[in-house]
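A note on names: the letters A, B, ... follow the listed sequences, proteins ahead of strands, and every chain is numbered from 1.
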Amino acid sequence: MPAAGIGKFHMLFYIRLSMLFPCSFSFTLFFIVYSGAPLIRRGSTYEEDVVVAVVSWGNGCATDYPGVYARISYQYDWIKEVVCAISVDPPSYFDCIIPTSGNINNNIDNNHNNINNNQNHNIQSETVEPPVIEDHVDGDIEDPIRVPGGYVPIKVEIQLDQRSKETGWALVANNGTVVEEVKAGTYTTPYDLVEKTLVLPASSQFTFVITDSDGNGICCDFGGGWFQVSTLLADNSARPLVRGYGTFLLSSTNVFVTPLDNTPVLGLKGQGQSQLEGVPPCTTIGRVGNSSDGGIPGCLDNVLEINHQQTSSSSTVSTRSLALGTSLFLIALLR
Amino acid sequence: MNQATAAMRRIFLCCTVLLLSRSDAVSADGTTTRGLAAQRRENQISARIVGGNTARSGRYPYAQISLATAQGLHQCGGSLIAPDVILTAGHCHSFFTQIRVNIYNVKSETESYEVYNAQRMHFHPLFDELWFRYDFLLLKLDRPVTVIDPVRLNDDNNFPTIGYPLTVVGWGLTDPDDLAAYPEVLKEVEVSYISNEMCETTQSKGARLYNGYIFNDMMCAMEDGKDACSGDR
């Protein structure tokens with residue numbers, strides 16, 4: 001009979017704990033439903049009670065082992081900071097000071113997680129159609145810094161979920177060359193917002209593939225992740241080419257075309273600029289893209305150059321798709 | 001050639017891991033209950049202790065919070081620390097879909113309570129689910145709670161002192177052999193604070209299972225006069 005009181009994820013948690021302490025499966029029995037509950041210092045009334053810790057884990061399988069709790073006092077400042085930032089009416093004893101800068105809020109925003117799973121799954125926008133790149137008219141944009149040799153800066157941003165180590169991505173040129181690859185296991189900080197700026201040939205088609213090694217995407221069971229690939233504007237803001245919620249399973253494949261070389265919006269300021277140094281000039285203008293539509297003019301050879309410079313990976317797309325296909329097959333089989 | 005071998009190895013590993021995790025999951029679903037129950041008996045887990053004593057309704061209003069599944073199954077407890085913020089454990093993050101506030105009997109169908117949703121989850125930036133480090137989660141509610149008052153938090157690093165009596169308030173399991181047997185009404189369990197050093201070096205049957213797993217962001221407490229498992233003896 002299935003355990004009626006315990007959800008699927010509690011069971012996974014349970015299994016993980018029993019792997020950590022391989023004594024018994026019945027490891028966290030005491031704590032499994034007490035989890036999250038407060039450990040308090042009792043006062044004479046509830047107004048005098050003080051929460052000291054949060055029930056976290058414990059060994060239920062052998063005798064004599066204490067319960068383990070998450071200690072509040074050392075993390076009090078963090079709790080206070082968050083409560084002051086998010087609560088509409090923080091209790092006076094938190095001594096909240098009205099924030100003078102947006103720093104706290106920004107940090108919190110980076111960590112945002114909409115936990116209404118159903119709602120997120122209903123959005124069903126695995127990939128948002130990249131916006132049409134219209135001919136830009138010089139307007140309020142300052143004189144852009146141009147990238148020599150027909151290149152455009154492209155920024156990849158990924159809001160990771162709690163299981164950051166499962167996320168990987170690759171940027172593949174239309175000829176199959178892997179321009180950049182970040183393998184699963186690289187990102188070790190949960191909920192991190194990771195960024196990478198690449199310099200790519202203008203007017204070229206690329207494929208951005210984001211993967212989750214466990215097949216659960218980057219949203220929503222372990223946090224609300226998303227990804228975005230954008231071109232950088234002169235004011236260092238980003239115009240998205242590819243955007244998606246993390247609701248994919250094993251991978252999400254997104255095709256985009258880098259903006260035209262003469263698009264005046266392209267420029268780069270600040271930290272990304274250093275990446276432009278040492279980029280070889282575009283010597284060969286080739287045609288990349290589908291042969292059916294005639295392709296788009298692009299700087300094919302330099303993709304290879306960038307490849308050598310920026311990634312030591314020699315994985316090919318075919319190996320990746322083979323592995324991916326096999327995993328999908330295995331998962332289908334095991335279900 | 002090298003690449004192909006590496007890919008094959010990866011596929012094999014992936015396959016093994018998947019198979020292993022599937023077989024675990026099957027056990028987890030309870031299809032091999034007999035084996036697990038036997039294992040539990042071997043470990044002599046007592047059904048008596050885990051439940052604690054019944055807490056009086058209204059004595060711990062800030063703890064009368066149940067993070068529950070859509071079907072209303074209690075999954076985790078929590079405490080109200082601001083009108084619209086609940087503190088719970090980080091690892092509870094994906095177990096629930098609704099937050100029931102001012103609830104006392106989590107099994108009664110006639111129980112009255114208020115249902116809230118979490119607008120956002122704020123994990124501790126160092127939360128590590130594998131090692132249970134910084135196991136904190138703050139839930140921002142969709143609207144402020146008015147029926148119960150928030151509770152204060154301890155900001156004193158020198159508290160508690162060793163042996164200090166503390167109380168766990170929640171809906172713990174009453175029968176470890178039956179995972180569905182958590183109690184109906186809120187329970188309280190008296191425990192005493194012990195140092196992290198004592199906790200880490202706890203020895204039982206010649207083993208120190210906690211050795212290397214207790215960090216500063218954690219603290220430990222033992223049940224008064226008995227351990228968490230030995231009530232039957």
Proximity breakdown for [X] and chain A, heavy-atom pairs closer than 4.5 Å:
| X | answer |
| --- | --- |
| Phe127(B) | both |
| Val151(B) | both |
| Ile194(B) | side chain |
| Ile214(B) | side chain |

Q. What part of Val52(A) gets closer than 4.5 Å to chain B, counting heavy atoms only: side chain, backbone, both or neither?
A.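 Its backbone and side chain both get close to chain B.
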
Q. Between Ser92(A) and chain B, which part of the residue has a heavy atom less than 4.5 Å away: side chain, backbone, both or neither?
A. neither

Pick whichever of [options] has the most heavy-atom pairs under 4.5 Å with chain A.
| options | answer |
| --- | --- |
| Thr88(B), Asp128(B), Leu153(B) | Leu153(B) |
| Phe159(B), Tyr193(B), Tyr60(B) | Phe159(B) |
| Gly90(B), Cys199(B), Pro160(B), Pro61(B) | Pro61(B) |

Going from [atom1] on [X] to [atom2] on [Y], what distance comes out if it is rounded to the nearest 0.5 angstrom?
| X | Y | atom1 | atom2 | value |
| --- | --- | --- | --- | --- |
| Ser56(A) | Met219(B) | OG | CE | 11.5 Å |
| Ser35(A) | Gln75(B) | OG | CD | 10.0 Å |
| Asp217(B) | Tyr74(A) | CG | OH | 10.0 Å |

**Q.** Least distance between heavy atoms, Gly170(B) atom then Ala37(A) atom
**A.**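 Where Gly170(B) meets Ala37(A) most closely, the heavy atoms are CA-CB, 4.2 Å.
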
**Q.** Atom of Pro66(A), atom of Ala221(B) and distance for their closest heavy-atom approach
**A.**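 Taking every non-hydrogen atom into account, CB-O, 3.5 Å.
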
Q.
Would you call the rings of Phe136(B) and Trp78(A) parallel, tilted or perpendicular, taking 30° and 60° as the class edges?
A. tilted

Q. Ignoring hydrogens and geometry, is there a side-chain-to-backbone donor-acceptor pair from Tyr76(A) to Asp156(B) under 3.5 Å?
A.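 No; judged by distance alone, with no hydrogens or angles, the pair does not exist.
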
Q) Under 6.0 Å between ring centres, would you say that holds for Tyr62(B) and Tyr46(A)? A)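 Judged by ring-centre distance (under 6.0 Å), Tyr62(B) and Tyr46(A) do not meet the cut-off.
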
Non-hydrogen side-chain atoms of [X] and [Y] separated by less than 4.5 Å:
| X | Y | answer |
| --- | --- | --- |
| Phe132(B) | Val68(A) | no |
| Arg41(A) | Tyr164(B) | yes |
| His91(B) | Trp57(A) | no |

Q | Note: Arg59(B)-Asp49(A) ion pair, threshold 4.0 Å (strictly below) | A | yes

Q) Salt bridge or not for Arg152(B) and Glu47(A), using N-O below 4.0 Å? A) no

Q) Counting heavy-atom pairs under 4.5 Å to chain B, which of Thr189(A), Val54(A), Leu39(A) comes out on top? A)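 Maximum pair count with chain B is reached by Leu39(A).
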
Q: Give the intermediate values and the outcome of side-chain contact (heavy atoms from CB on, under 4.5 Å) for residues Ile40(A) and Val168(B).
A: CA-CA 6 Å; Ile40(A) 61 161; Val168(B) 188; over 6 Å; no

Q: Could you tell me whether the side chains of Asn196(B) and Arg71(A) share a donor-acceptor contact shorter than 3.5 Å?
A: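 Yes - a donor-acceptor pair under 3.5 Å links their side chains.
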
Q. Is it the case that Asp155(B) and Ser73(A) place a side-chain donor and acceptor less than 3.5 Å from each other?
A. no

Q.
Consider side chain to side chain contact (heavy atoms under 4.5 Å, CB included). Of Ile79(A), Val83(A), Val82(A), which one does His122(B) pass it with?
A.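 Passing option: Val82(A).
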
Q) Taking only residues two or more places apart in sequence or in another chain, which ones pass side chain to side chain contact (heavy atoms under 4.5 Å, CB included) with Pro91(A)? A)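 Residues passing side chain to side chain contact (heavy atoms under 4.5 Å, CB included) with Pro91(A): Tyr93(A), Phe94(A), Ala82(B), Pro83(B), Pro150(B).
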
Q: For side-chain contact (heavy atoms from CB on, under 4.5 Å), just list the numbers for Val85(B) and Ile86(A), CA-CA rounded to whole Å, side-chain angles, deciding distance to a tenth of an Å, and then say yes or no.
A: CA-CA 8 Å; Val85(B) 182; Ile86(A) 66 174; 3.9 Å; yes

